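Some notes on the structure that comes next.
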Amino acid sequence: MKKDKVLRVLFSVSVFAVLLLLWEFCVGYLGLLKHSLPAPSSVAAYLWNSTLDLTLPGAILVTMKRLIVGYFIGIFAGIPLGMFCARFNIFNDTLGVLALGLQALPSVCWVPLAIIWFGQSESAMLFVVVMGTIWSMILATIHGVKTIPPIYLRAASTMGSKGLHTWIHVILPASFPSVLSGMKQGWAFAWRSLMAAEIYVTILTGFGLGQLLHYGRELLDMNQVIGVMFTVILIGLLVDKALFSPLEARLRKKWGIEGD
Amino acid sequence: MSLNKELENVTAKLWIKNVSKSFNSAQGHVQALSDINLRVDEGEFVCLVGPSGCGKSTLLNLIAGLDRPDSGEILVDNDVVKGPGRDRMVMFQEHALFPWLNVIDNVMFGLKLKPNLNDHERREVAKFYLHLVGLDNFAKSAIHELSGGMRQRVALARSLAPNPRILLMDETFGALDALTREQLYGEIQQIWQKRKKTIVFVTHNIREAVCLGDRVILFTPHPGHIAQIFDIGLPRLRDINDPALTSYAQQITSALKHHIGEVAE
Ligand SMILES: Nc1ncnc2c1ncn2[C@@H]1O[C@H](COP(=O)(O)OP(=O)(O)OP(=O)(O)O)[C@@H](O)[C@H]1O
Ligand SMILES: [Mg+2]
């Protein structure tokens, strides 16, 4: 089993290494396509230099700060709001319907409105991220609560649980699988919309990854464009592998949910 | 409160008075229970048997306080049942254990809602019941790691832990294989003798009812009512394979056929 996995990783790594070498050979050595594609070595050089002069780490920091703050606001507002919707029809018939509609709106579409409302400011960025997260969170929570097996609630009530206790100790944990998938979706929406917003809007208070990408284009610096794209991919992968995958694995292990 | 007091044997008598219950569903009006009268003594083990749809689960839910009767009332000792309460614990057909909690935390769920106990005492009580059902070594296990029989044992420990006076069991062993069931018949009888609970046990397996019950209450449907009551005068502990059960089981089966035949005509 273990050996099998090592072999698979090795295989995967070597395939990408060969592709990179091939790319390096074609572009860097043969000079093919050199006007539209930089060689991997020059992208690497850009990444190295911009790390040393701190532009890249700085941009990552700015972007992650916007993302994390907005994302957590979205989660911590979305879960209780979703619970209100699941519990009270007046919330479900208003906020629930609104969430359903707004979730269908690609979150990039919030950017123009954000700029009109908040100007070219951090608040605009935050707003876009929150809008990307919150509707998925509300919908996932509603779904989670509504699909709880009724027998959990009956069992809890015979043991003397009611009201707030049931919400905190039964409904919240029982809907966690759905909430987690909402968190994952919310993350994806927030991440994409923040990138779009940063590319679209220059904000003087902070220079994020999207803005770096934008200036790469303005300066026609392909190394920068590809280098930042690479960074964006890497962060996305890292969050998935370091945050969501372990959470899901723990959930599966604890609940005994089938799947790999 | 001292631990010994918490672990004291407690029991109650149950008095079901003129209870009726109907449902309005897509199929129309269903009279699930019609004028049920039944007294269950302190520490008695009664089994409700009858064909599907005769209102056994409905009656159990009414006793549990999960549902209200249309008319009539249910008394535990001298108190009218108005809702769920820790004096009556339910074991459902599916185990209903919480997958987000491990074994001992499941057992402690009801205990945590009991005032007058500190966390240490709660843990001791939970361990006591895990020992009683023979699962001392599985306290930290996840629910899905257990077999079906073990899950029902945890569910039993969880129901016993708040020290209810009445234990309500709804086809608790229905989903288990025959061998595991046989084992649990022995265990539940022993635990009942040790803990002196009043038990109302629902099943549609007549032999199981004869094996476990001091009395077997035969229900028939349309509308659900008590057709006949049988006293089972066999000594404990009873074994499900004991031939002595057979004559009782036959008697109840033919009574059931007789009553259902009556309805059909
Ligand atoms: N919540 C409900 N809504 C509508 N009808 C119901 C409801 N609960 C029970 N009934 C009806 O009441 C009748 C009795 O149901 P009940 O579940 O008590 O039967 P049972 O004896 O437990 O049957 P089984 O052995 O199949 O579990 C059935 O006809 C059922 O359809
Ligand atoms: Mg039933």
Side-chain angles (χ1 to χ4, degrees), chain A residues 75 79-80 82-83 86-87 137 140-184 244-260, chain B residues 57 60-67 81 83-103 105-115 117 122 140-148 151 154-155 157-164 166-170 172:
Chain A
I75 288 179
I79 292 176
M83 292 198 148
R87 172 69 180 77
M137 261 346 277
T141 308
I142 294 176
H143 178 259
V145 173
K146 294 221 161 145
T147 52
I148 293 175
I151 194 151
Y152 290 162
L153 301 174
R154 294 156 66 81
S157 86
T158 61
M159 288 186 281
S161 170
K162 55 187 165 206
L164 198 61
H165 184 274
T166 306
W167 279 90
I168 293 172
H169 293 277
V170 183
I171 296 175
L172 188 62
S175 54
F176 183 64
S178 179
V179 168
L180 181 59
S181 70
M183 282 167 65
K184 214 174 152 177
F244 290 112
S245 292
L247 267 176
E248 283 176 322
R250 255 192 62 175
L251 180 76
R252 274 201 295 266
K253 185 164 176 296
K254 205 162 174 193
W255 289 50
I257 299 168
E258 298 297 322
D260 60 335
Chain B
S57 299
L60 217 66
N61 287 338
L62 294 177
I63 300 172
L66 291 168
D67 222 335
V81 170
R86 269 189 295 269
D87 53 341
R88 290 151 285 131
M89 280 296 166
V90 191
M91 260 182 92
F92 301 94
Q93 177 163 6
E94 318 101 277
H95 57 75
L97 296 170
F98 301 141
W100 58 91
L101 298 177
N102 66 18
V103 166
D105 288 335
N106 262 285
V107 176
M108 295 214 307
F109 186 92
L111 288 169
K112 287 201 173 138
L113 286 152
K114 261 192 135 167
L117 280 176
R122 291 187 176 112
K140 297 264 185 255
S141 300
I143 298 305
H144 75 96
E145 294 169 344
L146 307 179
S147 70
R151 286 178 205 181
V154 178
R158 182 171 81 169
S159 311
L160 290 170
N163 209 13
I166 297 177
L167 190 58
L168 306 166
M169 303 172 82
D170 192 352
T172 302

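Lettering of chains follows the sequences in order, A, B, ..., and the numbering in each one begins at 1. Here the structure is a predicted model, which means the values were calculated and not measured.
For the residue pair B/Phe109 and A/Val170, the shortest heavy atom distance occurs at CZ-CG2, 3.6 Å. When all heavy atoms are compared, the tightest approach of A/Tyr152 to B/Leu97 is CE2-O, 3.4 Å.
The structure places NZ of B/Lys112 at 12.5 Å from OG of A/Ser161, a figure rounded to the nearest 0.5 Å. Distance CE/B/Met89 to OG1/A/Thr158: 5.5 Å, rounded to 0.5 Å.
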Could you go through B/Leu111 and A/Met159, starting from their C-alpha distance and side-chain angles, then the distance that decides it, and tell me whether this counts as side chain to side chain contact (heavy atoms under 4.5 Å, CB included)? CA-CA 8 Å; B/Leu111 288 169; A/Met159 288 186 281; over 6 Å; no

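Remark: side-chain polar atoms of A/His165 are not paired, donor with acceptor, to backbone N or O of B/Leu113 under 3.5 angstrom.
You'll find the ring centres of A/Trp255 and B/Phe98 outside the 6.0 Å limit.
Proximity to chain A (any heavy atom under 4.5 Å) is shown, for B/Asn102, by neither the backbone nor the side chain.
Of the residues considered (B/Ala142, B/Pro164, B/Pro84, B/Pro99), B/Pro99 shows the highest number of contacts with chain A, using heavy-atom pairs under 4.5 Å. When the candidates A/Lys162, A/His169, A/Lys254 are compared by the number of heavy-atom contacts under 4.5 Å with chain B, A/Lys254 comes out ahead.
For B/His144, the NE2 atom counts as densely surrounded, since its 6.0 Å shell holds more than 12 non-hydrogen atoms of other residues, nucleotides or ligands.
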